[in-house]
Amino acid sequence: MEMKTAFLPAFIQSYFIALGVLVGGALIGGFGAFLSGEPPLTMMYRFASSLKIWALIAAIGGTFDTFYSVERGFFQGETRDVIKQFLLILSATGGAQTGMTFIRWFTQENSA
């Protein structure tokens, strides 16, 4: 049985989960690149770029609950659920973007 979390804690957690997945994955990937003889900072930036979508998925739960909530909101008139899910996705996007900014600052890579 899944526990329901209040909206504000879920909103904050969504942000920091996405941030943690992106920054943590890039740092650990950079360490692996160093061990294998690849340029670690360049690889960290590349890993962060490819992890961005996965950070969003991890932050919103990685399930189809978000899509069911949106569907319920549109077809059953529960617009409150649609707005909540949109804000959770926006929060996760902000966390992933913040993580990408941290990695860009750390690696001094320029985005194309």
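The two residues Met44 and Ala26 make their nearest non-hydrogen contact at CG-O, 3.2 Å. For the pair Ala92 and Ala18, the tightest heavy-atom approach, listed with the atom from each and the gap, is O-CB, 3.2 Å. Taking every heavy atom of both residues into account, Ile103 and Ala48 meet most closely at CG2-CB, 3.9 Å. The minimum heavy-atom distance between Pro40 and Gly30, with the atom names listed, is CB-O, 3.5 Å. Closest non-hydrogen pair, Ala6 versus Pro9, comes out as O-CD, 3.3 Å.
Looking at heavy atoms from C-beta onward, Met100 lies in side-chain contact with Leu22 at the 4.5 angstrom threshold. Residues Leu19 and Phe102 have side chains in contact (heavy-atom distance under 4.5 Å, counting atoms from C-beta outward). Taking the side chain as every heavy atom from C-beta outward, Val23 and Phe106 never approach each other to under 4.5 Å. Between Thr42 and Tyr45, every side-chain heavy-atom pair lies at or beyond the 4.5 Å cut-off.
Hydrophobic clustering, with ILVMFWY side chains joined whenever heavy atoms are under 4.5 angstrom apart, keeps Leu27 apart from Leu35.
The CG atom of Leu88 sits 10.0 Å away from atom CD of Gln13, with the distance rounded to the nearest 0.5 Å. Note that CD1 of Ile83 and CZ of Phe7 are 9.5 Å apart. Values are rounded to the nearest 0.5 Å. Summarising the geometry, atom CD1 belonging to Ile17 is positioned 12.0 Å from atom CG belonging to Leu56; distances are rounded to the nearest 0.5 Å. If you take CD1 on Ile28 and CG on Leu51, they are separated by 11.5 Å, rounding to the nearest 0.5 Å. Note that OG1 of Thr93 and CD1 of Ile53 are 8.0 Å apart. Values are rounded to the nearest 0.5 Å. Ile57 CD1 to Trp54 CH2: the interatomic distance, rounded to the nearest 0.5 Å, is 4.5 Å.
Using a distance-only test at 3.5 Å, with no hydrogens or angles considered, a donor-acceptor pair links the side chain of Thr98 to the main chain of Gly94.
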